[in-house]
Number of protein chains: 2
Amino acid sequence: MSENRSSPPEILALSLTSAYRRLYDQAARCARNNGLQIEAWSVLETLEAGERLTMGQIAQAVAMKLPALSKLVDRMVSEGLVHRQPSRSDQRQVNLLLTDLGRKRMMQVRGAMVDHDAGVRAALGEGRAMQVQAILADLARLPDSPH
Amino acid sequence: MSENRSSPPEILALSLTSAYRRLYDQAARCARNNGLQIEAWSVLETLEAGERLTMGQIAQAVAMKLPALSKLVDRMVSEGLVHRQPSRSDQRQVNLLLTDLGRKRMMQVRGAMVDHDAGVRAALGEGRAMQVQAILADLARLPDSPH
DNA sequence: AGAAAATAGTTGACCGGGAAAGTAATTTCA
DNA sequence: TGAAATTACTTTCCCGGTCAACTATTTTCT
């Protein structure tokens, strides 16, 4: 009856992945119901928070790779949510600007998202919710390869 | 000079996404260096932990959707890491079985992954690492739509 | 028992993301 | 000054994921 199985190590990246998938799926559905991809929403939020951002700055802020962002922005432009404007000071750079429609949709989704988040926070307990958010923020800021 | 911008709300799903992307990218590279997709590795770990699992149980354990898992397993089979076996008691079900090669590769990646994780834990502080892992586990277990 | 509903998993069409190469503008420096 | 290197972004090709439809098996219900 020897059980020669090794127990799976508890890896942060693994726990993070499971939690992420659950919350992300829910949040994505929540955004989708309001006609927006969650990535698009977070781009819109980023634009609202600080004006005249370049593609690179936005990619950094929303943790997307540039090609992915570039294509997302293509879609957002064709939906009339944002428009591109070549930077005056450096013609290589592109500033992304919110349209009225973009701002409107962003606000809609924000409402739904805040509601949903409140549910999760309640289920988790507000204290632990605050803890985990703080730690996650630290994790996101960690140096690139601490191995 | 009125700044009529609204500040972006602090949403758990968003914080989680940023942290996830960073850690996941690093962990994925770590697995890739040892010739394994990180999802494949976590499937292997799951199999090692509990025998005779069905596709559905595995999908649940690794938080993947069934079609994604099914295709991942196709690849894993063709690499000789696992093999499918129809369940005796219910012919609809499929049990996934580790091969020797699968177990070997799993152990290899586990080593690399534990090392990497130790770095992250150290950077974060062991206390907070334990906290966040516990909370993430709770998050992953949250009911499906608490809105 | 046997038709209808439910369940487990796979398949196909389509879409979004990643790596690497490509383009255009700007900076460096000999 | 102008050729080489760098930077900012886009495009291309491919891979993996999702949704919805499908197949096969089992359960339910009359």
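To find a chain, count down the sequence lines: A is the first, B the second, and so on, and within it residues start at 1.
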Going by distance alone, is a donor N or O of one side chain under 3.5 Å from an acceptor N or O of the other, for [X] and [Y]?
X	Y	value
Gln133(A)	Arg121(A)	yes
Arg52(A)	Gln85(A)	yes
Glu45(B)	Trp41(B)	yes

Shortest non-hydrogen separation from [X] to [Y] and the atoms involved:
X	Y	answer
Gln91(B)	Ser87(B)	OE1-O, 3.3 Å
Met76(A)	Leu44(A)	CE-CD2, 3.6 Å
Leu16(B)	Tyr20(A)	CD2-CA, 3.5 Å

Under-4.0 Å salt bridge between Arg21(A) and Asp25(A):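 Between Asp25(A) and Arg21(A) there is no salt bridge, as every charged N stays at least 4.0 Å from the carboxylate O atoms.
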OP1 or OP2 of dG17(C) under 4.0 Å from side-chain N/O of Arg75(A):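 Yes.
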Can you tell me the distance, in whole Å, between the [atom1] atom of [X] and the [atom2] atom of [N]?
X	N	atom1	atom2	result
Met76(A)	dG17(C)	CE	P	12 Å
Arg29(B)	dA19(C)	CZ	C1'	13 Å
Arg88(A)	dT26(C)	CZ	C1'	17 Å
Asp25(B)	dG16(D)	CG	P	16 Å
Leu96(B)	dA8(C)	CG	C1'	14 Å
Leu72(B)	dC15(D)	CG	P	15 Å
Ile38(A)	dG17(C)	CD1	P	12 Å
Gln37(A)	dC19(D)	CD	P	12 Å

Residue met sooner reading DNA chain C from 5', once Lys71(A) and Ser89(A) are mapped to nucleotides: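 Nearest-nucleotide comparison on DNA chain C picks Lys71(A).
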Footprint string (nucleotides 2-10 of chain D, 5' to 3'): B base within contact, S backbone only, - free, heavy atoms under 4.0 Å: -----BSBB
Listed nucleotide nearest any side-chain atom of Lys65(A), set dT18(D), dT26(C), dG18(C):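 Minimum distance to the Lys65(A) side chain belongs to dG18(C).
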Earlier contact from the 5' end, DNA chain D, for Arg21(A) and Ala68(A):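 Taking each residue's closest nucleotide, the earlier one in sequence belongs to Ala68(A).
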